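Scroll down for the structure; my scribbles are underneath it.
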Amino acid sequence: DVCSSDLIGLLPITPFSTLAVWPLTGLAPLTAKHIWILLNLGLLIPIGWMLRAMTRLSYQQIALAFTLCFPLYRNLLFGQFYVLVLLLIVAACWSYLRGFRVLAGALIGMAAACKVFPALLLIFFLQRREWRALVAGIVAGLAAVAMSVAVFGWNVHRTWLYQILPWTLRGEGLQPYTTSASISGVLHCLFLSEPQWNPQPWHSSPLCYALLLPATQMMFLAPAVLLIRKDDRRQSRILLEWSALLTAALAISTIPTSYNFVLMALPACVLASVLLQRKRYGWLAA
């Protein structure tokens with residue numbers, strides 16, 4: 001979020017992601033937020049153009065998808081970062097479909113440096129044996145981290161790596177006992193006792209939590225990974241695989257707040273395009 005304070009909390013954002021708003025830090029908070037909102041609205045134009053090129057939906061249909069997108073409203077309200085992440089992911093998919101493999105990998109690497117979970121999209125390149133894209137993603141991610149270390153110093157990153165990231169991966173980056181937020185939130189309520197937030201869990205067992213969290217996450221992620229077919233080069237297949245992996249990454253996130261799901265604009269448009277082609281209007285409405 002845009003903030004005028006000299007101190008900000010990096011929970012759970014990465015230090016690199018704060019560089020995107022660095023040019024606005026000299027402005028008054030409200031002015032900075034207004035500019036950030038306008039920039040985010042401007043980013044919807046290239047996003048819409050690329051979605052139309054990939055899905056063949058009309059601009060009106062894509063505009064309707066954005067208009068009905070409650071997470072987009074939350075992004076704008078709180079000055080969040082996920083419209084920019086959506087741009088990077090959509091641009092990576094668009095680049096891959098047009099044969100720009102290195103660019104696609106580099107864009108995913110940049111997205112992962114901003115918000116860690118897009119790194120799961122590198123699995124797509126691994127499964128399809130796209131080694132140039134995979135290497136480009138890793139190199140771009142490391143370059144972003146190196147830039148961040150050069151700006152903020154190593155101590156900030158050491159704290160983030162050894163303290164904040166483990167908390168986040170355990171689902172404790174934010175209030176961990178919110179059952180509607182994530183798989184980890186539900187498992188916290190079922191198995192982890194806490195005197196104030198959860199004094200009477202269903203079955204107090206840290207072992208069950210430790211075993212079930214990764215197992216449940218893999219139940220969502222594994223199908224999206226295993227169904228990737230490296231020999232199938234159809235654009236429709238690639239879009240569905242990309243969308244499934246992105247959806248699975250959001251499903252297993254340990255801090256899925258409402259504005260995160262603006263990223264579902266890509267899977268929603270891809271699926272809408274498929275359903276329109278098959279004339280499955282009931283499913284489309286649902």
Side-chain angles (χ1 to χ4, degrees), residues 1-18 21 29-30 32-33 36 69-83 85 112-120 148 152-222 246-264:
D1 298 338
V2 177
C3 179
S4 64
S5 172
D6 293 333
L7 298 176
I8 61 171
L10 295 177
L11 187 64
I13 63 176
T14 64
F16 176 77
S17 64
T18 64
V21 296
L30 190 57
K33 183 175 181 180
W36 183 248
C69 183
F70 178 71
L72 175 60
Y73 165 75
R74 302 293 285 182
N75 266 268
L76 299 176
L77 178 64
F78 293 115
Q80 277 294 333
F81 201 80
Y82 288 90
V83 175
V85 177
C114 295
K115 301 290 180 180
V116 178
F117 69 87
L120 292 174
S148 183
F152 296 111
W154 171 242
N155 286 337
V156 169
H157 294 79
R158 181 176 58 191
T159 301
W160 188 89
L161 183 63
Y162 290 110
Q163 297 184 27
I164 296 174
L165 183 59
W167 290 342
T168 303
L169 294 177
R170 291 195 303 266
E172 297 173 357
L174 299 176
Q175 215 282 51
Y177 293 93
T178 305
T179 55
S180 62
S182 64
I183 296 170
S184 63
V186 173
L187 295 179
H188 265 84
C189 291
L190 290 176
F191 299 112
L192 297 184
S193 175
E194 205 285 331
Q196 293 185 344
W197 285 339
N198 196 41
Q200 295 181 332
W202 176 69
H203 175 63
S204 182
S205 174
L207 178 61
C208 287
Y209 175 84
L211 295 175
L212 286 175
L213 179 59
T216 310
Q217 289 174 326
M218 285 308 300
M219 286 177 59
F220 285 90
L221 184 61
L246 177 58
T247 303
L250 288 170
I252 67 173
S253 173
T254 54
I255 347 175
T257 47
S258 58
Y259 38 74
N260 293 28
F261 292 97
V262 72
L263 300 177
M264 287 298 292

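Computed from a prediction, not measured in an experiment: that's the story for all the values here.
Nearest approach of Pro166 to Leu161, heavy atoms of both residues: CD-O, 3.2 Å. Residues Ser148 and Phe16 come closest through the heavy atom pair OG-N, 3.4 Å.
By the neighbour-count criterion of 12 heavy atoms within 6.0 Å, atom CZ of Phe152 is densely surrounded, having more than that number from other residues, nucleotides or ligands.
Here CD of Gln200 is found 13.0 Å from SG of Cys189. Values are rounded to the nearest 0.5 Å. Taking OG1 of Thr159 as the reference point, atom CG of Leu165 lies at 12.5 Å (rounded to 0.5 Å). Between Asn75 atom CG and Leu263 atom CG the span is 8.0 Å, to the nearest 0.5 Å.
Side chains of Phe261 and Leu72 form no contact here, defined as non-hydrogen atoms less than 4.5 Å apart. Contact check for Pro15 versus His157: side-chain heavy atoms found under the 4.5 Å cut-off. Looking at heavy atoms from C-beta onward, Thr14 lies out of side-chain contact with Lys115 at the 4.5 angstrom threshold. A 4.5 Å side-chain heavy-atom check between Cys69 and Val262 finds at least one atom pair inside the cut-off. With contacts defined as side-chain heavy-atom distances shorter than 4.5 Å, the pair Trp36/Leu76 does not qualify.
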Check residues 201-217 and write down every donor-acceptor pair under 3.5 Å in which the side-chain atom is one partner and the other belongs to a residue at least two apart or another chain.
{"unit_1": "Ser205", "atom_1": "OG", "unit_2": "Cys208", "atom_2": "N", "d": "3.2"}
{"unit_1": "Tyr209", "atom_1": "OH", "unit_2": "Arg170", "atom_2": "O", "d": "2.5"}
{"unit_1": "Tyr209", "atom_1": "OH", "unit_2": "His188", "atom_2": "ND1", "d": "3.4"}
{"unit_1": "Thr216", "atom_1": "OG1", "unit_2": "Leu212", "atom_2": "O", "d": "2.6"}
{"unit_1": "Gln217", "atom_1": "NE2", "unit_2": "Ile252", "atom_2": "O", "d": "3.1"}

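Formation of a donor-acceptor pair under 3.5 Å by the Asn260 side chain with backbone atoms of Tyr82 is not found in this model.
Ring geometry for Tyr73 versus Phe70: interplanar angle of 30 to 60°, hence tilted.
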